[in-house]
Structure formats: structure tokens, C-alpha cells
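Labels below follow one simple rule: chain letters A, B, ... track the order of the sequence lines, proteins then strands, and each chain is numbered from 1. These numbers were taken from a predicted model, which means no experiment stands behind them.
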There are 2 protein chains.
Amino acid sequence: MAAKRTGARSKQPRRQSETLQPEQEPRGEPPLSRERIIATAVELLDAQGVDGLTMRRLADRLGSGVMSLYWHVDNKEDVFDLALDSVLEYRGPPQTGESRDWRAEVVHMLDDWRGGMLRHPWSASLLPRRALGPNILGRLELLSKTLAKAGVADADLNVAIWSLWNYVMGATITRASFDLSDDDRAAAQQRLERLGESYPTIERSRLLLDDDWEGTFRKGLGLLLDGLSSRYDP
Amino acid sequence: MAAKRTGARSKQPRRQSETLQPEQEPRGEPPLSRERIIATAVELLDAQGVDGLTMRRLADRLGSGVMSLYWHVDNKEDVFDLALDSVLEYRGPPQTGESRDWRAEVVHMLDDWRGGMLRHPWSASLLPRRALGPNILGRLELLSKTLAKAGVADADLNVAIWSLWNYVMGATITRASFDLSDDDRAAAQQRLERLGESYPTIERSRLLLDDDWEGTFRKGLGLLLDGLSSRYDP
DNA sequence: GATTGACTCGTACGGCGTACCATACGATGG
DNA sequence: CCATCGTATGGTACGCCGTACGAGTCAATC
């Protein structure tokens with residue numbers, strides 16, 4: 001059976017010229033490492049989306065063999081977990097630690113969280129399906145601490161946190177998905193126009209064409225925090 | 001080439017006995033149809049999750065060849081779209097149409113929406129990634145109409161709708177994901193205990209062990225609607 | 001009887017994740 | 001100096017996937 005396989009262009013074995021000493025890394029690729037794998041995975045995910053990440057492509061980008069990856073990571077799920085956590089780091093609010101009110105602090109962290117996920121649109125929909133990594137737990141801890149300091153009673157703390165979580169996740173997943181396919185909105189608009197009589201109200205309000213994601217997010221978050229405030233610090 | 005394939009138990013060509021008229025469908029499998037394919041896909045998704053649905057398994061369950069499916073559906077994505085929409089139908093509020101206040105109406109629809117998705121836990125995380133089908137558009141239209149009738153100004157309508165959407169989607173996706181893996185929570189608890197010092201507040205509030213999803217959902221939704229009410233019908 | 005259109009499905013292709021195994025190489029220590 | 005061993009690399013192969021292609025069956029029609 002003659003191999004019909006594609007190129008597999010032989011990579012010559014590093015031995016390019018013995019007179020020229022190897023310097024450090026002219027172009028022979030730095031060695032594999034967990035960190036480099038994750039960074040490259042994030043690049044690949046940003047460029048090609050969730051389905052675009054395959055172990056083969058990842059190895060290609062790294063200039064290595066596929067199976068070499070498995071020395072550094074357990075499996076593909078592991079790559080997802082690590083890439084996801086790497087994108088959720090939080091450096092904290094910009095100013096001094098004490099001068100701001102709890103509401104500004106909360107809004108800043110949530111906004112930064114959402115921003116990080118939107119810069120890597122594959123991340124939002126991945127987050128709920130994976131175990132919670134250290135960075136997202138850190139954000140929850142900070143949120144928890146801020147709200148507690150603001151006077152939210154222990155009994156109501158979890159409701160408040162999960163409500164904010166739900167809102168941010170829903171907003172970001174929705175936004176990231178719509179972002180990926182602008183034509184979906186065109187298609188939806190067309191469908192709406194064809195079936196105009198079926199959906200008069202959302203057609204009139206141009207719900208699906210609303211472009212002001214940022215503003216809508218902030219205002220909705222405001223509604224939620226209003227609900228919180230009216231209950232806990234009238 | 002001897003067929004090494006599995007069973008493929010030859011379906012005799014319906015011609016079983018000309019004296020006995022064919023009844024309707026003794027056990028020869030009803031014929032393939034778009035509807036039967038979708039119903040079976042939903043069964044399979046419920047039983048095995050998103051990754052459990054493959055065209056081969058689907059065909060197996062239907063007692064047909066794999067490629068026969070492609071006469072009735074375009075491709076696997078099509079199957080997802082149809083299965084998803086089939087799960088999002090809304091039959092409306094239980095009582096007479098006029099007597100209830102807008103808030104009860106909204107809560108009922110959103111609760112029913114969430115319930116439907118949780119009965120099919122694969123559906124929630126699928127919804128944002130696919131084009132909006134007629135059933136979910138119908139829900140948005142109803143929501144839109146109810147809020148408009150309740151006095152929400154046109155300019156604020158989209159913010160209100162998207163906020164509710166975000167909240168419901170976030171809550172349901174999160175819940176459905178946690179549902180799938182109870183051990184995630186055990187693992188998270190363990191991690192929290194090992195790293196107790198890193199996350200004291202969320203450990204103390206037992207955030208990740210909170211079991212009252214239903215109650216948390218309702219209370220958070222209450223917060224959001226409070227924010228809405230305080231603005232639009234003080 | 002020939003033709004057509006609706007429907008079914010076997011085969012095959014390219015791609016996937018990853019198990020298994022052979023290899024290469026620096027450090028160790030006899 | 002050679003043997004051994006831990007670290008790291010990667011080729012091959014297996015079983016699974018989605019689906020293109022084209023051959024087949026069968027009822028209705030001419």
C-alpha cells in the first residue's frame with residue numbers, strides 16, 4: 001500500500017553547520033515547556049476558535065512533534081483548563097486600595113473580567129464547563145470580600161455573588177458568540193423581516209441589531225446593583 | 001471484500017407475507033423522518049451529552065444507515081439547531097390571559113424557559129452559539145410585549161430584555177454545567193480546603209456548596225426586577 | 001416496460017485524540 | 001570509559017469522527 005500521505009516535510013536534524021556555534025536560539029525554536037505550550041494554545045484559540053485548536057496544529061506551531069506535547073500536559077482538556085485560567089488573571093483596581101466605594105470596585109472587577117474574556121472570545125463559553133481555576137476563584141473571593149465589607153449579610157452573600165456571576169457570564173457568552181458570526185445577525189434580521197408579523201415588537205425595537213454592547217452591559221449591571229443597594233444600603 | 005462491519009441486521013424489504021396485511025408498524029422501525037431524527041437526537045443528547053451525539057450513534061438508534069440521515073438534515077449542525085429549537089417551545093402562562101401582573105408573567109416565562117433547558121442540560125450552552133430559532137424568538141417577543149405593556153420606555157426596552165436574557169442564560173448554563181459534574185464541586189471544595197488561606201471568604205460562605213439553585217435563581221431574578229421596577233414603576 | 005424521483009446506505013477519505021514504543025541525550029556513579 | 005537512568009522527543013498506528021460520492025431499491029407515472 002503506497003503511502004498517499006501528504007507532505008510531512010522532513011525536518012533536518014538540527015545539524016546545520018558545525019563551524020557556526022548554535023548561538024542560543026537562532027531559529028531552532030526554544031525548548032518545549034508548559035508555559036510555551038499554553039501561550040501558543042492561546043494564540044491558536046484567538047486565531048481559530050475552539051474548534052481550531054487541535055493537538056496537531058498546536059504542535060505544528062511549536063515546531064515539535066505531536067506526542068511531545070503529552071510530556072508537558074495530560075491531554076487536550078488540560079490544555080483548555082490552563083489556557084482558560086491564564087486568561088482570567090486579575091491585577092486589581094488601578095488606584096490606591098482604600099478610597100473607592102464598593103460599587104466602583106465591583107464594577108471595575110466585573111468589567112475587567114468581561115473585557116478579558118472578550119479579548120479571547122473562546123474563553124467565555126468554556127469557563128462554565130471547566131473546573132474553576134485559581135484565577136477565577138480569586139475573583140470570586142475578591143467579590144465576596146468587597147460585598148461583605150459593603151454590608152451584605154452573610155445569608156444574602158451567595159445570592160448576590162451568583163447573581164452577578166450569572167449576569168456577567170450570560171452577557172459575555174452572548175456577546176462573544178454574536179461577535180463570532182456577524183452574519184447571524186444579518187440572517188436574523190432577514191428572518192425577522194420575512195416573518196415581520198410574527199415578531200412585531202422585537203422588530204420595532206431592533207433588538208437584534210443593537211450594537212451598544214458595552215452600554216447595555218453597564219446599564220443592566222446598574223439595574224442589578226440598584227436591586228442590591230435598595231435592599232442592603234438604602 | 002467481505003463486510004467486517006457489525007450487525008447491520010438486514011431489514012427485510014417490508015414484504016413479509018402477502019396474506020397478512022402489513023398492519024402499521026409491527027417492529028420494522030417506522031420510516032425515517034426529520035421529526036423522528038430530531039426526537040431521537042434529543043433522547044441521545046439527554047442520555048449522553050453534547051459529545052455523545054454522533055451521526056453514527058444517531059443512525060444506530062434509528063436503525064438506519066448513517067448516510068440516510070443526510071437526506072433529511074443538512075449536516076450535524078442542522079441536527080443541533082433543530083434539537084435545540086424543539087426544546088424551547090413555550091405554551092404560555094397557565095391561567096386566563098389578562099388577570100396577572102407583568103411581573104408574574106415575566107417570572108413564569110423565564111422560569112419555564114430555564115426549566116426546559118435544565119431538563120435538557122446540553123441545551124443551555126448550545127443556545128448562544130447557534131442562530132436564534134423561532135421558539136426562542138417567540139419568547140423574546142413575548143417578553144418584549146409584556147415589558148412594553150408594563151410601561152418600560154422604548155429606549156430602555158432593549159436594556160431590560162438583554163439583562164433578563166443575560167441573567168437567565170448565565171444562571172442556566174452555570175447550573176447545567178455544575179449538574180453534569182458533581183465531583184467538580186467536591187474537587188473544588190477540596191481545593192478550597194487545601195488552600196483555605198487563599199480564599200477565606202468564599203470558603204466561609206460555602207459558595208460552591210450552595211445547593212439551592214432554584215431559590216438563588218428566583219432571588220437574583222427578584223433583585224433584577226427590583227432594579228427594573230424602581231426605575232419604571234416607582 | 002422505461003423513466004423518474006424519493007429515499008437508503010456501503011465505501012472511502014481526511015482529520016482527530018492519544019496509546020505505545022523507540023530513540024536521543026545529559027547526568028550520575030561504578 | 002562504559003553502564004544506567006531520568007528527561008524529553010516524536011513516529012506509527014488504532015479507533016473514532018463528519019460527510020462526499022455514487023450505487024442501489026422501490027412506487028408512481030407515462
Quick check: any donor-acceptor pair below 3.5 Å linking the side-chain of Arg56(A) to the base of dG17(C)? yes
Just by distance, do the side chain of Ser144(A) and the backbone of Glu141(A) share a donor-acceptor pair under 3.5 Å? no
With a 3.5 Å distance limit and no angle check, can you tell me whether Glu89(A) reaches the backbone of Asn135(A) through a side-chain donor-acceptor pair? no
In terms of side-chain geometry, is the basic nitrogen of Arg218(B) or Asp111(B) positioned less than 4.0 Å from the acidic oxygen of its partner? yes
What parts of residues 69-80 of chain B reach DNA chain C, counting only heavy atoms under 4.0 Å away? Trp71(B), His72(B)
So if I take residues 34-51 of chain A and measure heavy-atom distances to DNA chain C, which residues fall below 4.0 Å? none
Using 30° and 60° as the class limits, which term best fits the ring planes of His108(B) and Tyr90(B): parallel, tilted or perpendicular? tilted
Would you call the rings of Trp162(B) and Trp213(A) parallel, tilted or perpendicular, where under 30° means parallel and over 60° means perpendicular? tilted
Please pick, from dT9(D), dC9(C), dC17(D), the nucleotide with the shortest atom-to-atom distance to any side-chain atom of Arg57(B). dC17(D)
Can you identify which nucleotide, out of dT8(C), dG17(C), dT12(D), has its nearest atom closest to the Met55(A) side chain? dG17(C)
Does atom CD of Glu77(B) have more than 12 heavy-atom neighbours, drawn from other residues, nucleotides or ligands, at distances under 6.0 Å? no
Check whether NZ of the Lys or CZ of the Arg Arg114(B) lies under 6.0 Å from the centre of the six-membered ring of Phe217(B) and within 45 degrees of that ring's axis. yes
